[in-house]
A.B. asks: 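Provided herewith is a single structure, encoded as structure tokens, for subsequent inquiry.
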Amino acid sequence: TGISSTSVLWNGTNYFATSNLGNYSGIIASISGTTWSIKQIANSVINLTDVVIGNGIYVMSSTNTATPIFRSNDGVVWTTNSTALTIPAVQLNSVAYRNGYYVSVGDEIVQSDDSLTWLSRKTYNTVFAVTLNGVASIDASGFAGFIAVGKGKKYDYTTGVTQLIDTNIIAYSYEATGEFWQDGPS
């Protein structure tokens, strides 16, 4: 059917799915999960990647650096790049919500406490080609915060010649705000 859905959200009443179609990107919605309607978000494919709801606000991420974040009060009408919305030009693959804070990841980690103003919280040296693919809010024994996962490169010294090799990236924030991040072992 030509629809590439990248994420689905259930808000207790409706399903919402980020979708990229042949000529445009949009959100598809359903009450039952069997019949869906499409709401066009952009006139071209902008690679919508994830959607989350927190504090009554929907936030959607995109790999399009001109429009990396969209926001909505109802999941139907979406805005981005307004004078009220500020975010670095970054590709984003995933978004999460925790206790009043939004975190989105991709080429770097950005964070917001209101879904309007987004700040860079962790960047990576481009030589390591880091792409974070997912972020989640986690509550587990001994850990409460955000965890992000992805791929990148690291220096390997085992052969006697320094070289870059592929590695998994795990970044985490113990902060409920998602403001401070560190990388785990890879």
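By convention here, the first residue in the shown sequence is residue 1.
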A.B. asks: How long is the span from the CZ atom in F70 to the CE atom in M60, to the nearest 0.5 Å?
C.D. replies: 6.0 Å
A.B. asks: Treating Q111 as the side-chain partner and S104 as the backbone partner, does any N or O pair qualify as donor plus acceptor under 3.5 Å?
C.D. replies: no
A.B. asks: Short question: side chain of N47, backbone of T63 - any donor-acceptor pair under 3.5 Å?
C.D. replies: no
A.B. asks: Does a donor on one side chain and an acceptor on the other come within less than 3.5 Å for T67 and T80?
C.D. replies: no
A.B. asks: For N64 and S62, run side-chain hydrogen bond (donor to acceptor under 3.5 Å, both in side chains): C-alpha distance rounded to whole Å, both residues' side-chain angles, the deciding distance at 0.1 Å, then the answer.
C.D. replies: CA-CA 5 Å; N64 184 323; S62 163; 5.2 Å; no
A.B. asks: For the backbone of G54 and the side chain of Y102, can you confirm whether one donor and one acceptor N or O come within less than 3.5 Å of each other?
C.D. replies: yes
A.B. asks: Between L164 and K154, is a side chain to side chain contact (heavy atoms under 4.5 Å, CB included) present by the stated rule, with each step listed?
C.D. replies: CA-CA 5 Å; L164 286 169; K154 69 178 180 178; 5.8 Å; no
A.B. asks: Is a donor from one side chain sitting under 3.5 angstrom from an acceptor on the other, for S120 and E108?
C.D. replies: yes
A.B. asks: State, to 0.1 Å, how close T34 and S30 come at their nearest heavy-atom pair, and which atoms those are.
C.D. replies: N-OG, 3.7 Å
A.B. asks: Do any N or O atoms from the side chain of S7 and from the backbone of T49 form a donor-acceptor pair under 3.5 angstrom?
C.D. replies: no
A.B. asks: Step through the shown structure and confirm whether more than 12 heavy atoms of other residues, nucleotides or ligands are within 6.0 Å of CD1 on I31.
C.D. replies: no
A.B. asks: Using the salt bridge (charged side-chain N to carboxylate O under 4.0 Å, His left out) rule, collect all pairs that involve residues 165-178, keeping only residues at least two apart or in two chains.
C.D. replies: K153-D166
A.B. asks: Would you say the side chains of D50 and S61 form a donor-acceptor pair under 3.5 Å?
C.D. replies: no
A.B. asks: So, for T117 and S112, which heavy atoms are closest and what is the spacing to 0.1 Å?
C.D. replies: O-OG, 2.9 Å
A.B. asks: Checking T158 now: which residues fulfil side-chain hydrogen bond (donor to acceptor under 3.5 Å, both in side chains) with it, not counting sequence neighbours?
C.D. replies: D156
A.B. asks: For the atom pair OH (Y97) and CZ (F146), what is the distance rounded to the nearest 0.5 Å?
C.D. replies: 9.0 Å
A.B. asks: Does the side-chain hydrogen bond (donor to acceptor under 3.5 Å, both in side chains) test come out yes or no for K151 and N168, once each step is laid out?
C.D. replies: CA-CA 5 Å; K151 295 280 188 182; N168 295 318; 2.8 Å; yes
A.B. asks: Same hydrophobic cluster for V90 and V59, using side-chain heavy-atom links shorter than 4.5 Å among ILVMFWY?
C.D. replies: yes
A.B. asks: Between T18 and T6, is there a side-chain donor-acceptor contact under 3.5 Å, judged purely by atom types and distance?
C.D. replies: yes
A.B. asks: If the plane angle is over 60° it's perpendicular, under 30° parallel, otherwise tilted; pick one for F143 and Y172.
C.D. replies: perpendicular
A.B. asks: Which pair of non-hydrogen atoms, one from Y24 and one from A42, has the smallest distance, and what is that distance?
C.D. replies: CB-O, 3.0 Å
A.B. asks: Can you find a side-chain donor-acceptor pair between S19 and S5 that sits under 3.5 Å?
C.D. replies: yes
A.B. asks: Show the numbers, then the answer: is there a side-chain hydrogen bond (donor to acceptor under 3.5 Å, both in side chains) between R71 and T79?
C.D. replies: CA-CA 5 Å; R71 65 183 305 277; T79 60; 4.9 Å; no
A.B. asks: Between F128 and Y155 (judged by ring centroids, cut-off 6.0 Å), do the two rings come close enough to count as a pair?
C.D. replies: yes
A.B. asks: Run through the side-chain heavy atoms of Ile, Leu, Val, Met, Phe, Trp and Tyr, join any pair under 4.5 Å, and report what else lands in V161's cluster.
C.D. replies: none
A.B. asks: Are I38 and V8 linked, directly or through intermediate hydrophobic residues, by side-chain heavy-atom contacts shorter than 4.5 Å (ILVMFWY only)?
C.D. replies: yes
A.B. asks: Take Y58 and N11, measure what side-chain hydrogen bond (donor to acceptor under 3.5 Å, both in side chains) needs, and give me the verdict at the end.
C.D. replies: CA-CA 10 Å; Y58 296 83; N11 70 359; 2.6 Å; yes
A.B. asks: Can you tell me how far CG of D113 sits from CD of E179, rounded to the nearest 0.5 angstrom?
C.D. replies: 9.5 Å
A.B. asks: State, yes or no, whether a side-chain contact exists between N23 and V45 at a heavy-atom distance under 4.5 Å.
C.D. replies: no
A.B. asks: One pair to check against side chain to side chain contact (heavy atoms under 4.5 Å, CB included): V95 and V103. What are the steps and the verdict?
C.D. replies: CA-CA 6 Å; V95 63; V103 168; over 6 Å; no
A.B. asks: Evaluate whether atom CG of L9 has more than 12 neighbouring non-hydrogen atoms of other residues, nucleotides or ligands under 6.0 angstrom away.
C.D. replies: yes
A.B. asks: Would a hydrophobic clustering, with Ile, Leu, Val, Met, Phe, Trp and Tyr connected at side-chain separations under 4.5 Å, put I57 with L92?
C.D. replies: yes
A.B. asks: Mark yes or no for whether S72, through its side chain, and D74, through its backbone, hold a donor-acceptor pair below 3.5 Å.
C.D. replies: yes
A.B. asks: Taking all non-hydrogen atoms of both residues, which atom of V127 and which atom of N125 are closest, and how far apart?
C.D. replies: N-OD1, 2.9 Å
A.B. asks: Just by distance, no angles: are the side chains of D183 and Y124 close enough, under 3.5 Å, to form a donor-acceptor pair?
C.D. replies: yes
A.B. asks: Looking at CG of D139 and CG of N99, how far apart are the two atoms once the value is rounded to the nearest 0.5 Å?
C.D. replies: 7.5 Å
A.B. asks: Just how far is it from atom CG of N93 to atom CG of N133, taken to the nearest 0.5 Å?
C.D. replies: 5.5 Å
A.B. asks: Is there a side chain to side chain contact (heavy atoms under 4.5 Å, CB included) between W118 and T86? Walk through the geometry before answering.
C.D. replies: CA-CA 6 Å; W118 292 79; T86 60; 5.9 Å; no
A.B. asks: What's the spacing between L21 CG and Q40 CD if we round to 0.5 Å?
C.D. replies: 8.5 Å
A.B. asks: Going hydrophobic residue to hydrophobic residue with side-chain gaps under 4.5 angstrom, can you get from V51 over to Y101?
C.D. replies: no
A.B. asks: Check R98 against A144 and note the closest heavy-atom contact, atom names and distance.
C.D. replies: NH2-CB, 3.3 Å
A.B. asks: Between V105 and V149, is there a shared hydrophobic cluster once you connect ILVMFWY residues whose side-chain heavy atoms come closer than 4.5 Å?
C.D. replies: no
A.B. asks: State whether a side-chain donor-acceptor pair under 3.5 Å links S25 with N20.
C.D. replies: yes
A.B. asks: Between T65, I69, L119, which is the residue that forms a side-chain contact (heavy atoms from CB on, under 4.5 Å) with I87?
C.D. replies: I69
